[in-house]
**Q** 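This is the structure, below, for whatever I ask next.
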Amino acid sequence: MRRLLIATKNAHKTAEIRAMLGADWEVSDLTSHPEVPAPEETGTTFAENARIKAEAASRVFSGFVLSDDSGLEVDALGGDPGVQSALYAGTHGDNAGNRAKLMRELRTCGAPQPWRARFRCAMAVAENGRTVAEFDGRVEGQVIAEERGAGGFGYDALFVPDGYEGTFGELSAEVKNKLSHRARAMEQAGRFLKK
Ligand code: ITT
């Protein structure tokens, strides 16, 4: 079986990517590799942060490293929370706080619903400290005013993808993993990794 390190500490991302890749890969992430650094995400774009994370990990891990930098862009907020999605409310990974802040911002921004938005995901594959491939995925939809559904993570309970009635928090993991920003980047990454 081939080894792939996902340069993330976010177990939700790892679980989704593992399900998308299937049984051919032995997938691990930074939670089981304390020797691998998680660098500061100093980039101003998803792609830049994806490269930073993949390259840092692949300097110490032999084999392919895949990173995922992702987030939600809301048009009424000029693209926020964007690359700041994980620490929008001030504490990294405070999902409930981030959703609450998003609701506050949207209720006070003056823009009428529907609030158009998209999830974006940039992925980088690195080997020996160098990025060797990059991929991009997005899914368009709208943010709603009340949370619905307990599945997924992050902003899932507030996002309804185009063509569906349910939020990512209400849709099954199987459905989310077919149409999400991560799935769309991963379709391309999977083809690259299989070569
Ligand atoms: P790593 O940097 O360790 O990979 P992270 O969670 O900090 O983990 P990011 O910096 O890429 O990752 O921030 C991603 C944030 O965007 C995440 O914390 C969520 O708030 C949001 N997000 C990304 N993908 C999402 C998804 O599929 N569903 C809901 N929210 C998502």
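Just follow the structure's listing: the first ligand is 1, and inside any ligand the first atom is 1. The first residue in the sequence is number 1, and the count goes up from there.
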**Q** Would you say Gly71 contacts ligand 1, with heavy atoms under 4.0 Å as the rule?
**A** yes
**Q** What are the atoms of ligand 1, with element, lying closer than 4.0 Å to any heavy atom of Asp69?
**A**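 Those qualifying, in numeric order: 9 (P), 10 (O), 11 (O).
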**Q** Give the atoms of ligand 1, by number and element, whose distance to some non-hydrogen atom of Ser85 is under 4.0 Å.
**A** 15 (C), 16 (O), 20 (O)
**Q** Looking only at protein heavy atoms, identify the closest one to atom 10 (O) of ligand 1 and say how far it is in Å.
**A**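 Checked against all protein heavy atoms, atom 10 (O) of ligand 1 sits closest to Glu41 OE1, 3.1 Å.
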**Q** Using non-hydrogen atoms of the residue, decide whether Leu72 is closer than 4.0 angstrom to ligand 1.
**A** no
**Q** In ligand 1, which numbered atoms sit nearer than 4.0 Å to a non-hydrogen atom of Asn10?
**A**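 Answer for ligand 1: 3 (O), 6 (O), 8 (O).
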**Q** For atom 28 (N) of ligand 1, which protein heavy atom lies nearest, and how many Å away is it?
**A** Asp156 OD1, 2.6 Å
**Q** Provide, to 0.1 Å, the distance between atom 3 (O) of ligand 1 and the closest protein heavy atom, together with that atom's residue and name.
**A** Lys9 N, 2.9 Å
**Q** To the nearest 0.5 Å, what is the distance between CD1 on Ile144 and CD on Glu146?
**A** 8.0 Å
**Q** Looking only at protein heavy atoms, which one is nearest to atom 24 (N) of ligand 1, and how far off is it?
**A** Arg182 NH2, 3.0 Å
**Q** Just how far is it from atom CD of Glu147 to atom CZ of Arg99, taken to the nearest 0.5 Å?
**A**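 Interatomic distance, Glu147 CD to Arg99 CZ, rounded to 0.5 Å: 4.0 Å.
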**Q** What protein heavy atom sits nearest atom 30 (N) of ligand 1, and how far off is it?
**A**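 Scanning the protein heavy atoms, the shortest distance from atom 30 (N) of ligand 1 goes to Tyr155 N, 3.2 Å.
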**Q** Starting at NZ of Lys176, measure out to CG of Asp156 and round the result to the nearest 0.5 Å.
**A** 3.5 Å
**Q** I need the Lys178 NZ to Leu171 CG distance, nearest 0.5 Å.
**A**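 Atom-to-atom, Lys178:NZ and Leu171:CG are 12.0 Å apart.
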**Q** Any idea which of Phe153, Phe46, Phe168 brings a heavy atom closest to atom 25 (C) of ligand 1?
**A**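 Selected option, by shortest heavy-atom distance: Phe153.
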**Q** Determine, using the 4.5 Å side-chain heavy-atom cutoff (strictly less than), whether Phe119 and Tyr88 are members of one ILVMFWY cluster.
**A** yes
**Q** Enter the distance from Asp162:CG to Gln142:CD here, rounded to the nearest 0.5 Å.
**A** 7.5 Å
**Q** Can you tell me which residue and heavy atom of the protein come closest to atom 27 (O) of ligand 1, and the distance to 0.1 Å?
**A**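 Its nearest protein heavy-atom neighbour is Lys176 NZ, 2.7 Å.
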**Q** Would you mind finding which of Ser67, Gly93, Ser70, Gly151 brings a heavy atom closest to atom 15 (C) of ligand 1?
**A** Ser70
**Q** Looking at Asp68, which atoms of ligand 1 are within less than 4.0 Å of one of its heavy atoms?
**A**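 Atoms satisfying the 4.0 Å criterion: 4 (O), 11 (O).
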**Q** Are the side chains of Arg120 and Val139 in touch, meaning some heavy atoms are under 4.5 Å apart?
**A**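 Result no, sub-4.5 Å side-chain heavy-atom pair not found.
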**Q** Report the part of His12 in contact with ligand 1, treating N, CA, C, O as backbone and CB onward as side chain, heavy atoms under 4.0 Å; options are side chain, backbone, both, neither.
**A**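 Near ligand 1, His12 shows nothing, with every heavy atom at 4.0 Å or more.
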**Q** Please report which non-hydrogen protein atom sits nearest to atom 12 (O) of ligand 1, along with the residue it belongs to and the distance in Å to one decimal place.
**A**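 Result: Lys13 NZ, 2.8 Å.
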**Q** Between Asn95 and Tyr155, is a side chain to side chain contact (heavy atoms under 4.5 Å, CB included) present by the stated rule, with each step listed?
**A** CA-CA 7 Å; Asn95 289 324; Tyr155 301 93; over 6 Å; no
**Q** If I compare all heavy atoms of Val74 with all of Pro81, which pair ends up nearest, and what's the gap?
**A**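 Heavy-atom minimum between the residues: CG2-CD, 4.3 Å.
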**Q** Measuring from non-hydrogen atoms of His92 to any atom of ligand 1, is the shortest distance under 4.0 Å?
**A**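 It does; at least one heavy atom falls under 4.0 Å.
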**Q** Do me a favour and list the nearest non-hydrogen protein atom to atom 4 (O) of ligand 1 with residue, atom name and distance?
**A**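 The closest one turns out to be Thr8 OG1, 2.6 Å.
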**Q** Under a 3.5 Å threshold, yes or no: a donor from one side chain and an acceptor from the other, between Asn10 and Thr8?
**A**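 Distance-only check fails for Asn10 and Thr8.
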**Q** Using links of under 4.5 Å between side-chain heavy atoms of ILVMFWY residues, direct or through other members, which residues join Phe46 in one cluster?
**A** Val83
